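Working notes, beginning with the structure itself.
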Amino acid sequence: MPELPEVETIRNTLKRFVLNRTIEVVKVYWGKIIKKPDDVEHFKQLLIGQTIHDIKRKGKFLLFELGDYTLISHLRMEGKYSVHYKDEPLKKHTHVIFSFTTEEELRYNDVRKFGTMHIVKKGEELLQKPLIQLGPDPFEKAFSAEYFYKKLKATNRSIKSVLLDQTIVAGLGNIYVDETLFKARIHPLKKANKLTKKEVQEIRKQAISTLEEAVAQGGTTIRSYVNSQGEMGMFQQELSVYGQENKACPTCDKPITKMKVGGRGTHVCLNCQKL
DNA sequence: CACTATGTTGGTTG
DNA sequence: TCAACCAACATAGT
């Protein structure tokens with residue numbers, strides 16, 4: 001489900017309901033979501049008594065900053081957070097509950113159970129899994145034109161697979177890669193090290209502006225994504241190619257083609273994006 | 001009913 | 001080094 005704009009929207013909508021809440025009870029109904037510590041009881045015990053001081057984001061990861069630890073959460077395809085009164089009935093796929101000292105609790109819901117949670121000591125987030133190999137967030141200074149060009153020069157993989165690689169830049173997924181490459185007029189199978197400096201700069205610029213616009217629209221709802229208040233995103237109205245197979249290209253009116261790149265469904269205007 | 005696809009990523013294989 | 005494939009899991013569409 002969520003890429004950077006959706007995770008950022010979840011962060012923003014969630015913050016006002018969980019900041020300064022203290023965890024009193026933790027329930028885990030699907031233990032495989034908990035990756036660290038490996039013992040689920042230990043996971044619960046570390047969280048009890050901890051207060052949520054802030055929620056940050058890096059790429060597609062949410063970072064719940066607690067007093068002594070950071071809870072690092074990845075939503076993968078279908079993960080969702082929402083806050084409920086404790087007496088509200090659980091939804092079908094609620095797998096983890098963080099119950100506060102107030103009347104409310106934070107619930108993690110995940111139809112496909114792919115999501116992950118790690119607890120790490122505060123200050124050691126970047127030194128270990130799951131963030132250690134993560135590249136810069138596109139909104140960070142570290143994602144500079146020079147950095148990006150250097151990384152692309154160093155590989156002859158297709159540009160689409162490189163943009164999906166979270167160790168290069170963290171936050172783009174299938175929707176925003178297709179949209180970015182369309183706006184930059186680059187074919188997804190183009191080899192990264194064959195791109196000119198100008199083309200690389202254009203890809204970087206379009207990636208950042210597409211993500212910014214999607215954040216402003218509250219993310220993209222194609223199938224099931226909603227923010228932590230159950231609201232849909234609006235960016236799906238702005239999509240040029242993703243999910244637009246056989247529809248007219250907004251630039252040239254030729255039909256959008258769907259193909260397979262790196263095993264992922266890939267949407268492209270073959271007239272505007274030449275190989 | 002069978003088969004495919006899905007906003008992710010980690011591991012294996014060749 | 002990299003592409004291809006599979007795995008995790010549930011659901012919707014053809």
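Chain letters run A, B, ... following the sequence lines, proteins first and then strands; every chain starts at 1. What you are looking at is a predicted structure, and each value in this text was computed from that prediction instead of being measured.
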Over 12 foreign heavy atoms within 6.0 Å of NZ, A:K153: yes
Whole angstrom value for the distance that separates P of B:dT9 from CG of A:D165: 10 Å
Candidates C:dC9, B:dT6, B:dT9 - which lies nearest the side chain of A:R76: B:dT9
Salt bridge flag under 4.0 Å for residues A:E104 and A:R21: yes
Nucleotide B:dT9, atom C1' - distance to CG of A:L134 in whole Å: 12 Å
For atom CD1 of A:I222 and atom P of C:dA12, their distance in whole Å: 17 Å
Distance test, side-chain N/O of A:K129 to OP1/OP2 of B:dG10, below 4.0 Å: no
d(CD, A:E78; P, C:dT11) in whole Å: 10 Å
Short side-chain N/O contact from A:Q166 to OP1 or OP2 of B:dT8, under 4.0 Å: no
Side chains of A:Y69 and A:E125, donor plus acceptor under 3.5 Å: no
A:K15 atom NZ: more than 12 heavy-atom contacts under 6.0 Å: yes
Sugar-phosphate, base or nothing in reach of A:K258, heavy atoms under 4.0 Å: sugar-phosphate
Distance, P atom - from C:dA7 to B:dC3, rounded to whole angstrom: 16 Å
OP1 or OP2 of C:dC9 under 4.0 Å from side-chain N/O of A:H93: no
NZ or CZ of A:K197 within 45° of A:Y149 ring axis and under 6.0 Å: yes
Heavy-atom check, side chain of A:K190 versus side chain of A:L195, under 4.5 Å: yes
Nucleic acid contacts of residues 151-164 of chain A, taken as heavy-atom distances under 4.0 Å to DNA chain C: A:T155, A:N156, A:R157, A:S158
Length of the line joining A:Y242:OH and B:dT8:C1', which is rounded to integer Å: 12 Å
A:I34-A:F61 co-clustered via ILVMFWY side chain contacts under 4.5 Å: no
Nearest-angstrom distance, P atom, C:dC6 to B:dT4: 11 Å
Close aromatic pair by centroid cut-off 6.0 Å: A:H267 and A:Y242: yes
Flag for A:H84-A:S82: side-chain donor and acceptor within less than 3.5 Å: yes
Atom of A:G219, atom of A:T9 and distance for their closest heavy-atom approach: N-OG1, 3.9 Å
Integer-rounded Å distance: B:dT8 C1' and A:L75 CG: 11 Å
Rounded distance (Å) that lies between atom P of B:dT9 and atom NZ of A:K35: 14 Å
Distance, P atom - from C:dA8 to B:dC1, rounded to whole angstrom: 23 Å
Strand DNA chain B in bracket notation, Watson-Crick/G-U under 3.5 Å with | for pairs to another chain: .|||||.|||||||
A:N109-A:T94 side chain donor-acceptor pair, cut-off 3.5 Å: yes
Over 12 foreign heavy atoms within 6.0 Å of NZ, A:K151: no
Residue-level proximity of residues 260-268 of chain A to DNA chain B when a heavy atom falls under 4.0 Å: A:K260, A:R264, A:G265
Residue list, side-chain hydrogen bond (donor to acceptor under 3.5 Å, both in side chains) with A:E41, at least two apart or on another chain: A:K44
Counterpart residues, side-chain hydrogen bond (donor to acceptor under 3.5 Å, both in side chains), relative to A:Q244 (two or more places apart): none
A:H95 NE2 to C:dA8 C1', straight-line distance once rounded to whole Å: 12 Å
Face-on cation placement of A:R107 at A:Y81 ring, 6.0 Å and 45° thresholds: no
Nucleic acid contacts of residues 110-117 of chain A, taken as heavy-atom distances under 4.0 Å to DNA chain C: A:V111, A:R112, A:K113, A:F114
